[in-house]
Amino acid sequence: MKAMILNQIAALAEDPNPLVLVNLPTPQPGQGQILIRVSTCAVCHTELDEIEGRTPPPRLPVVPGHQVVGRVEALGSGAGRFHPGDRVGVGWIFSSCGDCDACRNGNENLCPEFQATGRDANGGYAEYMVIGEQFAAPIPEVFSDLEAAPLLCAGAVGYRALRLANLQDGQHLGLTGFGGSNHLVLQLARYLYPRSRIFVFARSQAEQEFALSLGAAWAGDPTQRAPRRLNAIIDTTPAWQPVLEALRSLAPGGRLVINAIRKEEVDKNSLLNLDYAAHLWMEKEIKSVANVTRRDIADFLALAAQVPIRPEVQVYPLEQANQALRELKDRKIRGAKVLRFTL
Ligand SMILES: [Zn+2]
Ligand SMILES: [Zn+2]
């Protein structure tokens with residue numbers, strides 16, 4: 001099978017083509033696993049964190065990709081949840097132990113043995129992948145394969161971030177960064193909190209206009225002040241300055257949710273400007289989002305089908321995965337980037 005693999009950790013600025021096209025043996029589904037013939041796989045900012053070593057894969061080479069849509073091709077022994085031909089999706093959660101306190105309490109995303117798709121196990125930048133059948137999700141019919149892919153991480157983790165934001169209908173929500181995830185969160189938030197107004201902070205005018213077209217009440221540059229204080233803000237940027245700006249914009253008792261697996265080091269010094277009174281006092285909170293549970297994915301897909309959420313996608317062939325990653329790094333973003341397979 002064709003696959004794009006990562007052989008070594010590299011900064012994209014030094015190696016603009018970190019993934020290599022190779023031919024690999026098609027994997028065989030093990031006990032309780034399914035073999036998926038991949039149709040689409042969305043590109044996530046976390047892939048940059050893997051490639052550049054901020055959350056490095058424990059073993060190389062690895063096939064990245066954790067927003068995978070495809071059809072069940074074969075069943076391993078003992079697998080029977082799906083039938084061959086069923087359409088399934090795979091997100092960031094590849095497996096968890098199922099046995100620890102976190103797993104037992106519905107927090108499998110915090111399991112110490114959490115395994116991530118495309119980092120700890122081969123993912124969807126390939127024509128086929130295998131996964132335990134309990135960790136795959138059925139995809140609602142209303143979505144095409146292209147639309148469904150970004151829902152599996154950008155959408156599902158965005159949904160987790162929105163839940164953690166603890167918003168009440170009528171309270172005001174801020175979104176910092178307007179890429180693959182927040183353009184879905186905006187659509188979901190408008191549905192769940194129809195009386196809330198949504199304020200978007202994005203660097204480019206194109207992103208700001210995109211946000212307004214999706215129903216944002218206001219859009220501006222991250223250095224601009226929103227016209228009012230916000231009860232919750234979700235930050236999806238890889239930088240630190242937006243964290244300070246967001247804290248300043250929070251209303252008393254407000255909460256900042258950082259939806260990023262890693263932050264980059266470039267502007268970390270801006271944290272030296274942290275001012276307790278302006279940024280933290282008045283019971284402001286900061287919370288991060290870690291990984292995702294199967295339930296987040298299932299609940300989000302069901303909600304997304306109700307809304308229905310319409311992901312904006314840009315399509316690339318598998319062979320152009322490096323280009324998609326470079327454009328993501330350069331923040332040439334409108335919606336989500338999706339690899340499509342032609343078999
Ligand atoms: Zn992701
Ligand atoms: Zn566990």
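We count ligands from 1, going down the list as the structure has it; atoms in each ligand are counted the same way. Residue indices begin at 1 and follow the sequence shown.
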request  = Compute the angle centred on the Zn ion (ligand 2) spanning SG of C97 and SG of C100, and express it rounded to 10 degrees.
outcome  = 110°
ask   = In terms of the angle between their ring planes, are F199 and H172 parallel, tilted or perpendicular, with boundaries placed at 30° and 60°?
value = perpendicular
query = Does R340 make a cation-pi contact with Y316, if we ask for NZ or CZ under 6.0 Å from the ring centre and within 45° of the axis?
reply = no
Closest H66 atom to the Zn ion (ligand 1) [N, O or S only] =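 Nearest N/O/S atom of H66: NE2.
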message = I need the SG(C153)-the Zn ion (ligand 1)-SG(C44) angle, rounded to 10 degrees.
response = 130°
key: Exceeds 12 heavy-atom contacts within 6.0 angstrom, atom CZ of R190   =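 Counting neighbours around CZ of R190, 12 or fewer heavy atoms of other residues, nucleotides or ligands fall under 6.0 Å, so no.
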task = Please determine if the Zn ion (ligand 1) has an N/O/S atom from H45 lying under 2.8 Å away.
result =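 Of the N, O and S atoms in H45, none lies under 2.8 Å from the Zn ion (ligand 1), which means no.
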query = Salt bridge between R104 and D99, side-chain N to carboxylate O under 4.0 Å?
reply = yes
